[in-house]
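Side chains included, hydrogens not; waters and symmetry mates left out as well; all remaining heavy atoms used.
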Amino acid sequence: MGVKALQRFGTLVFSEMTELAREYEAVNLGQGFPDFDGPEAIHRAAFEAMRAGHNQYARSMGVPEMVRAVSQHQKRFYDLDVDPMTEVCVFCGASEALATLMAALLEPGDEVLTFEPHYSTYGPGAVMAGATLKTVTLEFPDFGVDLEAVERAIGPRTRMLLLNTPHNPTGKVFTRDELNGLAQLCRRHDLWVVSDEVYEHIVFEGHSHVPIATLDGMWERTVTVSTFGKTFAMTGWKLGWATGPRSLIEAAQMVHQNDSFCVATPLQHGAAAGLDALAGEYLDGIRSAYEARRAHLLESLRAVGLEVPDPGGAYFLLADFSKVFEGDSLEYARHLVEKAGVVGIPPQSFYTENPQAGDRLLRFAFCKTLDTLTEARRRLWAAYGVG
């Protein structure tokens, strides 16, 4: 396959927008990393692990403390019984987990079905596995699932549904009815499911996160992927995990042990401490903080004429700028940096088959402090003469 197979994905637009942000000293609401830090207690747990001598290679599938914490998390939140030593594998972030699972479960020529817009590494991950990514488009503004379109997209070489809920970049939280419909199709067509649930704990009022693995007949064909960094605002730790049936986790482990082999040992001890402490008060704090940030950004964007549906989860939203600008998403992103000093991300790299669906949209992230979001509002409203 080689690098030529990846060249069609080009350089991600994030690089250009980051450079423009520096050039114009703009407020960067494009990239999805928090500009605030996670709990100090978790930092201390990692430091203490270092001082206690946990500084050598870890067990490849994850240190016992970490896989136990993941297993208990799945039981506590979703009533899933997961064997910590055989049904959990720890990875260098969810991105490695997703790419590893595609490499482990797919054969050259297979097809992976997902929804677009989608996270930008899904396509390269499929290509590196020798597979092809096929998509069904979630249409602005409600991003509802068309189950008939999903069934039409399933062909004789389709082997996997790659699901993401809560969804990046739309903020959609798939409903139980939608998931039941997808589960029925997966059972009928004998598809693996890899479920990317990294935003599982960032879900807003009126919405509920339902892991597809909890639905009837789905555990045995589903691998669920999540991550430490999104929940605890420590994306730089690059620590994720997968849970699922032993046979599927063993297949992923065969790739993982010959790739990164293991994840940083002291960080696993810190993450385990964080998962053990993940409870009502902390979770309520996460949700209320992101609810406030979401409301702040929605008001800021709507006031300047952008159409923005309420995201049900995650910390992104897609905004339609048709009423304020005539060009496409990349042109508007550049224009917004120059006009207002605010960065959003054109979603072109989030589409595989239907990029025109994102031509009039821009993605914004609200995983920022209220001070950052307030400065973005000040610049936007000044540029558009609001207030």
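- Results of the side chain to side chain contact (heavy atoms under 4.5 Å, CB included) test with Y122 over V112, T135, L162 single out L162 as the only residue that passes.
- The NZ atom of K230 sits 9.0 Å away from atom SG of C367, with the distance rounded to the nearest 0.5 Å.
- Under a cut-off of 6.0 angstrom, the local environment of CE in M50 is crowded, with over 12 non-hydrogen atoms contributed by other residues, nucleotides or ligands.
- For R176, the CZ atom sits in a loose shell: 12 or fewer heavy atoms of surrounding residues, nucleotides or ligands are nearer than 6.0 Å.
- When L362, V342, L306 are each tested for a side chain to side chain contact (heavy atoms under 4.5 Å, CB included) with L301, only one passes: L306.
- A cation-pi arrangement is absent between R293 and F366, since the terminal nitrogen or guanidinium carbon is not both under 6.0 Å from the aromatic centre and inside a 45° cone about the axis.
- Residue H189 comes nearest to E151 through the heavy atom pair NE2-OE2, 3.1 Å, listed as atom of the first residue, atom of the second, then distance.
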Under 3.5 Å donor-acceptor pairs involving side-chain atoms of residues 245-253, not counting sequence neighbours:
unit_1: R246; atom_1: NE; unit_2: E250; atom_2: OE2; d: 2.9
unit_1: Q253; atom_1: NE2; unit_2: S60; atom_2: OG; d: 2.9

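- In this structure, the side chain of E331 engages the main chain of D328 through a donor-acceptor pair within 3.5 Å.
- Remark: E205 CD is loosely packed, at most 12 non-hydrogen atoms of other residues, nucleotides or ligands lying under 6.0 Å away.
- Looking at V194 and T222, their side chains never come closer than 4.5 Å, going by heavy atoms from C-beta outward.
- In this structure, the separation between CH2 on W237 and SG on C92 is 14.0 Å, given to the nearest 0.5 Å.
- Listed here is the closest heavy atom pair of A153 and T158: O-OG1, 4.0 Å.
- One N or O on the side chain of T265 and one on the backbone of A58 form a donor-acceptor pair closer than 3.5 Å.
- Taking each heavy atom of E353 and L133 in turn, the nearest pair found is OE2-O, 3.8 Å.
- For the pair L113 and I154, the minimum side-chain heavy-atom distance is below 4.5 Å.
- V223 is not connected to L80 by any chain of hydrophobic side-chain contacts under 4.5 Å among Ile, Leu, Val, Met, Phe, Trp and Tyr, and they are in different clusters.
- T165 places no side-chain N or O within 3.5 Å of a backbone atom of V173 that could act as its donor or acceptor partner.
- Counting heavy atoms from C-beta on, the side chains of V343 and L20 never come closer than 4.5 Å.
- By the salt bridge (charged side-chain N to carboxylate O under 4.0 Å, His left out) test, R76 pairs with no residue at all, sequence neighbours left out.
- Contact detail for C186 and L161: the closest heavy-atom pair is SG-CD2, 3.7 Å.
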Is there a salt bridge (Lys or Arg N to Asp or Glu O under 4.0 Å) between R187 and D216 once you walk through the steps? CA-CA 10 Å; R187 293 191 298 268; D216 289 346; over 6 Å; no

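- To the nearest 0.5 Å, the span separating OH on Y351 from CG on D359 amounts to 9.0 Å.
- No continuous path of hydrophobic side-chain contacts links Y78 to V203 [ILVMFWY only; heavy atoms under 4.5 Å].
- For residues 22-33, the set of pairs meeting the side-chain hydrogen bond (donor to acceptor under 3.5 Å, both in side chains) definition, not counting sequence neighbours, comprises T18-Q31, E19-R22.
- A salt bridge is defined here as a Lys NZ or Arg NE, NH1 or NH2 lying under 4.0 Å from an Asp or Glu carboxylate O, and R159 with E107 fails to meet this definition.
- Taking the six-membered ring for Trp and thresholds of 30 and 60 degrees, F232 and F228 have nearly parallel ring planes, at less than 30 degrees apart.
- Screening residues 272-285 for side-chain hydrogen bond (donor to acceptor under 3.5 Å, both in side chains), with sequence neighbours left out, gives R68-D276.
- To the nearest 0.5 Å, the span separating CD1 on I345 from CG on L361 amounts to 13.5 Å.
- Scored by the salt bridge (charged side-chain N to carboxylate O under 4.0 Å, His left out) test, K172 finds E178 as partners (sequence neighbours excluded).
- Between R379 and E375 there is a salt bridge, since at least one side-chain N of the basic residue sits less than 4.0 Å from a carboxylate O of the acidic one.
- In this structure, the salt bridge (charged side-chain N to carboxylate O under 4.0 Å, His left out) partners of E111, at least two apart in sequence or on a different chain, are K134.
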Candidate pair F316 and H167, rule ring-ring contact (aromatic ring centres under 6.0 Å, His included), full reasoning: CA-CA 9 Å; F316 302 104; H167 187 259; 9.9 Å; no

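- Residues L278 and H201 are in side-chain contact: their nearest non-hydrogen atoms beyond the backbone lie under 4.5 Å apart.
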Residues 207-215 side chain polar contacts: donor-acceptor under 3.5 Å, at least two apart:
unit_1: H209; atom_1: NE2; unit_2: E197; atom_2: OE1; d: 2.9
unit_1: T214; atom_1: OG1; unit_2: P211; atom_2: O; d: 2.6

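- Remark: side-chain polar atoms of E307 are not paired, donor with acceptor, to backbone N or O of D320 under 3.5 angstrom.
- Under the rule for a side chain to side chain donor-acceptor pair (under 3.5 Å), the partners of E96 that lie at least two apart in sequence or sit in another chain are H256, S260.
- L239 and V255 end up in different hydrophobic clusters when Ile, Leu, Val, Met, Phe, Trp and Tyr side chains are linked at under 4.5 Å.
- The CG atom of L275 sits 9.5 Å away from atom CD of Q74, with the distance rounded to the nearest 0.5 Å.
- Residues satisfying the side chain to side chain donor-acceptor pair (under 3.5 Å) criterion with H335, sequence neighbours excluded, are absent altogether.
- At a threshold of 4.5 Å between side-chain heavy atoms, the hydrophobic network of Ile, Leu, Val, Met, Phe, Trp and Tyr places F91 and M254 in two separate groups.
- When atom types are taken as modelled, the side chain of R360 and the backbone of S329 share no donor-acceptor pair closer than 3.5 angstrom.
- Every side chain to side chain donor-acceptor pair (under 3.5 Å) that Y332 has, sequence neighbours left out, goes to Y384.
- Between the CG atom in L336 and the CG atom in L380 there is a gap of 6.0 Å [rounded to 0.5 Å].
- Geometrically, R294 does not engage Y315 in a cation-pi contact, judged by NZ or CZ lying under 6.0 Å from the ring centre and within 45° of the ring axis.
- Side-chain N or O atoms of N168 include none that pairs as donor or acceptor with a backbone N or O of Y119 at under 3.5 Å.
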Side chains of residues 32-49: which donor-acceptor pairs under 3.5 Å do they make with residues two or more places apart or in other chains?
unit_1: D35; atom_1: OD1; unit_2: T369; atom_2: N; d: 2.8
unit_1: D35; atom_1: OD2; unit_2: T372; atom_2: OG1; d: 2.5
unit_1: E40; atom_1: OE1; unit_2: H43; atom_2: ND1; d: 3.2

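- D310 pairs by the side chain to side chain donor-acceptor pair (under 3.5 Å) definition with R302, not counting sequence neighbours.
- Under the 4.5 Å side-chain contact rule for hydrophobic residues, M61 and V90 do not share a cluster.
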Quick one: do F174 and F143 satisfy ring-ring contact (aromatic ring centres under 6.0 Å, His included)? Show the steps, please. CA-CA 9 Å; F174 284 62; F143 306 111; over 10 Å; no

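- Salt-bridge formation is detected for the pair D81/K75: a Lys NZ or Arg NE/NH1/NH2 atom is positioned less than 4.0 Å from an Asp or Glu carboxylate oxygen.
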